[in-house]
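Have a look at the structure below before the remarks.
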Amino acid sequence: MIRFKHPTVIAAVRTEADFATALTSESRLIFDLMPSIRKVKERTDRAHQAGKRLFLHMDLVEGIGKDAAGLEYVKEQGADGIISTRAAMIRLAKETELLTVQRFFMVDSQSVRTAEETLKTTRADMVEVMPGLLPKVIEKLAALGRAPVIAGGLLETVQEILIAFAAGASAVSTAKTELWRNFSRFTENGVEE
């Protein structure tokens with residue numbers, strides 16, 4: 001299981017250019033939001049060579065089945081973990097011994113209740129709350145203590161990141177490359193198992 005020693009900024013990438021920038025950033029975790037079967041091994045190797053961990057968004061992956069065989073393939077290629085909104089995918093990934101990030105989109109109070117119930121059964125290693133500008137929801141899920149909370153989506157400024165951290169987020173994921181560098185100005189980056 002991953003624990004965050006300090007609030008952490010995670011590089012969320014969609015393009016090759018973003019991936020290259022993430023490799024030289026302070027972020028030690030990379031969320032690949034547009035993974036492809038053709039790039040899994042190469043990106044995993046490059047991430048590891050740069051001292052980073054790579055998580056693949058399995059709901060959006062191209063060319064890999066969203067099933068046990070697909071997860072085995074991802075593990076064989078060296079990926080550290082997966083991201084998914086699907087409880088069944090998280091449970092399968094845990095059985096495959098991949099690290100897991102369960103992503104929840106919060107649109108109303110029922111979404112929060114559903115997330116609380118789902119986390120009881122999936123036992124995800126981390127939970128990502130989207131959009132990340134939901135301090136009240138972050139506080140509620142962080143208080144459960146089931147998994148570190150990652151705030152993701154719509155975070156575009158240092159101030160918004162600080163609000164998420166103040167609410168109890170252990171990390172934030174953002175596609176804003178300018179926030180991947182020099183975030184030590186407001187926190188120390190630290191990830192441990």
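- Lys52 contributes a side-chain N or O that, together with a main-chain N or O of Ser25, makes up a donor-acceptor pair within less than 3.5 Å.
- At distances below 3.5 Å, not a single donor-acceptor pair connects side-chain atoms of Lys94 with backbone N or O atoms of Thr122.
- Put simply, the side chain of Lys41 never gets that close to the backbone of Gly78: no donor and acceptor are under 3.5 Å apart.
- Comment: Glu16 engages Arg43 in a salt bridge, judged by a side-chain N to carboxylate O separation of less than 4.0 angstrom.
- A donor-acceptor contact shorter than 3.5 Å links the side chain of Trp180 to the backbone of Thr174.
- No donor-acceptor pair closer than 3.5 Å links the side chain of Ser84 to the backbone N or O of Met58.
- In this structure, Thr96 contributes its side chain and Leu98 its backbone to no donor-acceptor pair below 3.5 Å.
- Taking a cutoff of 4.0 Å between a charged side-chain nitrogen and a carboxylate oxygen, Asp59 and Lys66 do not qualify as a salt bridge.
- No continuous path of ILVMFWY side-chain contacts below 4.5 Å connects Phe4 to Leu144, so the two sit in separate hydrophobic clusters.
- The residues Glu117 and Lys120 are annotated as salt-bridged, a charged nitrogen and a carboxylate oxygen being separated by less than 4.0 angstrom.
- At a threshold of 4.0 Å, the pair Glu42-Arg46 counts as salt-bridged, since one of the basic side-chain nitrogens sits closer than that to a carboxylate oxygen.
- The hydrophobic clustering, which links ILVMFWY residues whose side-chain heavy atoms are closer than 4.5 Å, places Val61 and Ile37 together.
- Here ring pair (Phe, Tyr, Trp, His ring centres under 6.0 Å) pairs that include residues 12-69, with residues two or more places apart or in two chains, are Phe31-Phe55.
- Contacts classified as salt bridge (Lys or Arg N to Asp or Glu O under 4.0 Å) and involving residues 150-175 (residues at least two apart or in different chains) are not found.
- You'll find the side chain of Val172 stays beyond 4.5 Å of the side chain of Ile150, heavy atoms only.
- The shortest non-hydrogen separation linking Gly168 to Ile138 is C-CG2, 3.9 Å.
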